[in-house]
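Treat the numbers as computed from the prediction; the structure is a model and nothing was measured.
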Amino acid sequence: MIQIGLGFQNNETPVLDLPGLDAWIEPAITHTAKLDLLFDFREVRGEDENGGHMACAVEYATDLYDRSTVELLISRLVRLLDQATGRPDSRLSELDVLDADERRRILVDWNDTGRAVRVDTLPALFTAQAERTPDAVAVVAGDDELRYAELSERVNRLARHLVDRGVGAEDRVLLVMPKSVDLVVAQLAVVTAGAAFVPVDPGYPRERVVFMAGDCVPALLLTTAAVAGMAEDVLPGVARVVVDDAATAAEIARRSAAPLSDAERREPASVDHPAYVIYTSGSTG
């Protein structure tokens, strides 16, 4: 479907020669737009070969554009044409579409978003957010939903369990889990314990998972019952926690839900500690 059009009328204007009548073509004003936006150029010839000019009418759908927007587009087009005719040897990339005010507004004024931000660890920032908005929805996965207070409690309980399993700063923890609320809890719990999480899609080829595990040398593997069999087959010998195993879940649930203190961690949390390790296909550079 055509949405934007460019027309160019350069035919000779037909003459209707009727005795006793002066006749000319008058454009019809329909107050409707055939396209979202139409630039209709018309060559107006003068009396000699050096005369004449180019006229342009712009037709637009008023439910999509307002007059000021169209006038801005026209001013940019005129500016571009002025430069192109004045500097015919220039590359298109060398011609300015924006004037100085517009360029300053886009590059400077609209990007003046600098503000002071709190420099702190991810666990501290998450805890602060949970305290500010405990009843706000934090995670939604299908029909499952957790509010910040609930998420914080689950994260802190699992984080304490991980610390007791020896997880701490600079450690990597593999997360072999499907996308779910449990995955978000696990990610935050690993970071809260001070370690870095390494997400592994259960659908990855076996060789890929083996490579990732061998490369990052994980201190622990977190998984769920649904994919625990695959994890055991691919990563034998790696210590694991099945977070939704009945006995494990009961043990985690008995732990304190209060925020972890540095005294409980193997090493105080630091902004210099890694939060996660990502293996990409290389397409991200």
Show me, pair by pair, the donor-acceptor contacts under 3.5 angstrom made by side chains of residues 213-230, not counting sequence neighbours?
unit_1	atom_1	unit_2	atom_2	d
Asp215	OD2	Tyr279	OH	2.6
Thr223	OG1	Val176	O	2.8

Please name all residues satisfying salt bridge (charged side-chain N to carboxylate O under 4.0 Å, His left out) with Asp112, sequence neighbours left out, ordered by chain then number. none
Only counting residues at least two apart or in another chain, list the ones meeting salt bridge (charged side-chain N to carboxylate O under 4.0 Å, His left out) with Glu71. Arg67
For the pair [X] (side chain) and [Y] (backbone), establish whether a donor and an acceptor sit closer than 3.5 Å, ignoring hydrogens and angles.
X      : Y      : value
Ser180 : Pro178 : yes
Asp262 : Ala269 : yes
Glu264 : Ser261 : yes
Arg172 : Glu170 : yes

Got a sec: does the CD1 of Ile2 have more than 12 other heavy atoms crowding it under 6.0 Å? no
Kindly give the heavy-atom pair with the smallest separation between [X] and [Y], and that separation in Å.
X      : Y      : answer
Ser256 : Arg157 : O-CG, 3.6 Å
Arg165 : Ala239 : NH2-CB, 4.1 Å
Asn10  : Glu43  : CB-OE1, 3.1 Å
Thr113 : Trp110 : CG2-O, 3.9 Å
Val243 : Met177 : CG2-CE, 3.9 Å

Side-chain donor-acceptor distances from residues 27-39 under 3.5 Å, at least two apart:
unit_1	atom_1	unit_2	atom_2	d
Thr30	OG1	Thr32	N	3.3
Thr30	OG1	Thr32	O	3.4
Thr30	OG1	Thr32	OG1	3.0

Please tell me whether [X] and [Y] are part of a single hydrophobic cluster in this structure, the criterion being side-chain heavy atoms less than 4.5 Å apart.
X      : Y      : result
Leu73  : Leu77  : yes
Phe41  : Leu80  : no
Leu175 : Val238 : no
Leu107 : Leu72  : no
Leu81  : Leu6   : yes

Would you give me the side-chain donor-acceptor pairs under 3.5 Å for residues 195-206, sequence neighbours excluded?
unit_1	atom_1	unit_2	atom_2	d
Asp201	OD1	Gly203	N	2.8
Arg206	NH2	Asp233	O	3.1

Decide side chain to side chain contact (heavy atoms under 4.5 Å, CB included) for Val234 and Val210; before the verdict, give the C-alpha distance in whole Å, the side-chain angles of both, and the deciding distance to 0.1 Å. CA-CA 6 Å; Val234 176; Val210 170; 3.6 Å; yes
ILVMFWY clustering at 4.5 Å (side-chain atoms), partners of Val242: none
Val137: hydrophobic cluster co-members (side-chain, 4.5 Å):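 Its cluster partners, ordered by chain and number, are Val140.
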Just how far is it from atom CG of Asp99 to atom CZ of Arg104, taken to the nearest 0.5 Å?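 If I round to the nearest 0.5 Å, the distance is 9.0 Å.
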Rounded to the nearest 0.5 Å, the CZ atom of Arg103 sits from the CG atom of Asp96 at a distance of 5.0 Å
Quick one: side-chain hydrogen bond (donor to acceptor under 3.5 Å, both in side chains) partners of Asp82, sequence neighbours excluded?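 Checked Asp82 against side-chain hydrogen bond (donor to acceptor under 3.5 Å, both in side chains); zero matches.
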Glu251: what forms a side-chain hydrogen bond (donor to acceptor under 3.5 Å, both in side chains) with it, not counting sequence neighbours?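 Glu251 satisfies side-chain hydrogen bond (donor to acceptor under 3.5 Å, both in side chains) with Arg255 once adjacent residues are dropped.
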Distance-only polar pair, side chains of Glu131 and Thr127, donor-acceptor under 3.5 Å: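 No, because no side-chain N or O of Glu131 sits under 3.5 Å from a partner of the opposite role on Thr127.
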Sub-4.5 Å side-chain heavy-atom contact between [X] and [Y]:
X      : Y      : result
Gln83  : Glu94  : no
His161 : Val241 : yes
Glu102 : Arg76  : yes
Pro123 : Arg265 : yes

Using distance only, find each side-chain donor-acceptor pair of residues 115-122 under 3.5 Å and give its atom names and separation, not counting sequence neighbours.
unit_1	atom_1	unit_2	atom_2	d
Arg118	NE	Asp120	OD2	3.1
Arg118	NH2	Asp120	OD2	2.8
Thr121	OG1	Ala124	N	3.3

Donor-acceptor contacts under 3.5 Å from residues 182-194 side chains, at least two apart:
unit_1	atom_1	unit_2	atom_2	d
Asp182	OD1	Arg154	NH2	2.5
Thr192	OG1	Leu188	O	2.7

Any side-chain hydrogen bond (donor to acceptor under 3.5 Å, both in side chains) pairs touching residues 135-153, not counting sequence neighbours?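 Residue pairs with at least one partner in residues 135-153: Ser152-Asn156.
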